[in-house]
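What follows is one structure encoded as structure tokens, with my remarks underneath.
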Amino acid sequence: MTIELPVTNNAFAREILTVAQLNQAVGQLLERSIPALWVRGEISNFTQAASGHWYFTLKDSRAAVRAVMFRGRASAVGFVPRAGDQVEIRARVSLYEPRGDYQLQADAMRRAGLGNLYEAFLRLKEQLASEGLFDPARKREPVRLPRAIGVITSLHAAALRDVLSALARRAPQVPVIIYPAPVQGADAASKLAAQLRLANERAEVDTLLLVRGGGSIEDLWSFNDEELARQVAVSEIPVISGVGHETDFTIVDFVSDLRAPTPTAAAELACAPRAELLGRVMQTLQTMVRSQQRRLERAAQRLDRASAQLVSPAQRLQHQRERLNSLQYRLASAWSAPQGRRTARVNLLAQRLTHRVPDTGRAAERLAGAVRQLGQAQARLLVERRNRLAAASAQLRALDPGNTLARGYAIARDEQGRIVRDAAALSAGQPLDLSFAQGGAQVQVQSTRSTRDPS
């Protein structure tokens, strides 16, 4: 690439410049004339300042140039470069005016030859971050005292040996369950995700370690898989990632509940050390012993005070005997004195009762008179009722239709059984039923006449 600078021979011939003015003018010229560009080279003289800025030299076989990357840009790189690393940086050309050295001011960095992978890493990272999968609020604290710890890694990985050694040293009492899966290769990510789902289905551990040893970005690429990242995000069991070395970052590190710089560190973060737990147990035991000792001392003091107030059984029986004698005397006195008063009162009441006994003779005479009067009244009432019954019977016999029929009369009824009282209500040929004193007859009307008819 050829870059032409629009500099004329008389560009700075108008006045005499100081060195600072010259460097300032050159710096402005560089910044205006050369756009931001990608540069590939080897890292050397790398320094990470306390401020977080990176200072390094970017070189190849023929040349070298100083470069700086400020903290805000460096935090987004995802890895910390080391001397000898081949990288590609997007930078702007500038001039460090105090020394008059031109330098590259880097805005982005990726490993050389892995630009596409790194760009894919950044795109996925930005996507998942926008969805909130990196949000600290959704991350959970791993269980301090897990009943079991699950490890998802390859059975042949050195990381597994490191994790098992760390757990055996740190917490030998905690069972470890291994969910084997390849950590490198085309299908590694899907198998890691499958084992993560299996661990959640079985729910036999309280913490999961997703670990792998260090390697290049290609070696660690399985841990930048979107499916695996989402499976980590939805895991019901807290996940601790320990992938690569301290300077290696993967998507899984950002999604997991806790990121450890190494597999060994992940094992150390998974549970409390046995020595610490034993120390806490001993401390608690000592506290309990001291508390129990204080309780025993207080109980002993209470026992001493109670013993001082204790009365012997013989003395207590003597006091009870004296009290019983006193109560017996008071009981005898309380009975004999009121007894005389009660006897006198009973005699008085007997005399008053004698004077108030009723005279049964007079009452018997009055009762006999009342009985005689009742009998006389009953006899008169009976005679009166008999007379009234005889009069009613005579009247009833006088009104009896049978007596009337016996005198030669008859009762005529039409076909509906109604008594016929008016001849005008009859018609010729109408059947009638006649009732006599003895028997009855069926007749038919031949003709009718009015009671006023002279014939």
Side-chain angles (χ1 to χ4, degrees), residues 136 139-184 188-189 191-215 219-220 222-223 228 231-250 252-292:
K139 297 181 182 295
R140 297 157 298 176
E141 190 71 22
V143 179
R144 181 72 172 165
L145 300 174
R147 53 181 175 144
I149 296 175
V151 182
I152 302 178
T153 190
S154 172
L155 294 177
H156 307 291
L160 178 59
R161 294 192 296 272
D162 295 340
V163 168
L164 294 179
S165 298
L167 290 177
R169 179 183 68 256
R170 186 177 180 84
Q173 77 282 358
V174 179
V176 179
I177 299 176
I178 301 173
Y179 301 92
V183 293
Q184 184 175 343
K191 292 186 177 180
L192 288 169
Q195 290 295 70
L196 188 58
R197 285 192 296 269
L198 177 62
N200 277 270
E201 292 172 0
R202 290 167 59 173
E204 56 193 348
V205 299
D206 293 328
T207 304
L208 282 172
L209 304 183
L210 187 57
V211 297
R212 186 207 190 283
D219 297 336
L220 305 181
S222 298
F223 295 87
L228 178 59
Q231 192 63 44
V232 172
V234 300
S235 173
E236 297 292 336
I237 304 173
V239 178
I240 301 176
S241 65
V243 180
H245 300 298
E246 185 172 358
T247 57
D248 295 323
F249 285 88
T250 64
V252 167
D253 293 326
F254 296 107
V255 180
S256 61
D257 296 285
L258 188 62
R259 186 250 177 187
T262 63
T264 300
E268 293 176 351
L269 293 173
C271 61
R274 183 171 181 269
E276 177 185 338
L277 296 178
L278 290 176
R280 291 173 59 184
V281 170
M282 292 304 298
Q283 182 180 2
T284 304
L285 179 60
Q286 293 174 2
T287 302
M288 293 176 60
V289 169
R290 288 194 295 269
S291 176
Q292 189 66 20

message = Once rounded to the nearest 0.5 Å, what's the spacing between atom CG of Leu269 and atom CZ of Arg259?
response = 11.0 Å

remark   = Value for CZ (Arg202) from CD1 (Ile237), rounded to nearest 0.5 Å, stands at 10.0 Å

query = Any idea which heavy atoms bring Leu155 and Pro180 closest together, and the distance?
reply = CG-CB, 3.6 Å

message = For the CG atom of Leu160 and the CZ atom of Arg212, what is their distance to the nearest 0.5 Å?
response = 13.5 Å

task = Grab the two heavy atoms, one from Ala199 and one from Tyr179, that are nearest each other, plus how far apart they are.
result = CB-CZ, 3.7 Å

key: Nearest-0.5 Å distance, OG1 of residue Thr287 to CE of residue Met282   = 10.5 Å

task = Measure the shortest side-chain to side-chain distance between Gln195 and Gln231 over non-hydrogen atoms and say whether it is less than 4.5 angstrom.
result = no

query = To the nearest 0.5 Å, how far apart are CD1 in Ile178 and CD1 in Ile149?
reply = 12.0 Å

query = Once you round to the nearest 0.5 Å, how far does CD1 of Ile152 lie from CD1 of Ile177?
reply = 11.5 Å

request  = Please name the pair of heavy atoms, one in Phe223 and one in Val183, separated by the smallest distance, quoted to 0.1 Å.
outcome  = CE1-O, 3.8 Å

ask   = What's the shortest heavy-atom distance between Cys271 and Leu167, and which atoms?
value = SG-CD2, 4.2 Å

Side chain proximity check, Pro263 to Val151, heavy atoms < 4.5 angstrom = no

inquiry  = Exactly one of Val232, Val255, Val252, Thr207 should register a side chain to side chain contact (heavy atoms under 4.5 Å, CB included) with Val239. Which one does?
reply    = Val232

key: Leu209 vs Ile240, side chain to side chain contact (heavy atoms under 4.5 Å, CB included): CA-CA, chis, key distance, verdict   = CA-CA 5 Å; Leu209 304 183; Ile240 301 176; 3.7 Å; yes

ask   = Any sub-3.5 Å donor-acceptor pair from Arg140's side-chain atoms to Glu236's backbone N or O?
value = yes

message = Restricting to non-hydrogen atoms, name the atom on Ala266 and the atom on Gly242 that form the minimum distance, rounded to 0.1 Å.
response = CB-CA, 4.2 Å

query = Would a 4.5 Å heavy-atom cut-off, applied to side chains only, mark Ser241 and Thr250 as touching?
reply = no

key: Side chains of Asp162 and Ser165, donor plus acceptor under 3.5 Å   = no

ask   = Is the closest side-chain heavy-atom distance between Val163 and Thr153 below 4.5 Å?
value = no

inquiry  = Run Ser256 and Leu210 through side chain to side chain contact (heavy atoms under 4.5 Å, CB included) and show every step you take.
reply    = CA-CA 9 Å; Ser256 61; Leu210 187 57; over 6 Å; no

message = For Ala159 versus Val211, what's the shortest heavy-atom pair and its separation?
response = CB-CG2, 4.3 Å

request  = Please examine the side chains of Leu208 and Leu196, heavy atoms only from C-beta on, and report whether any two atoms are closer than 4.5 Å.
outcome  = yes

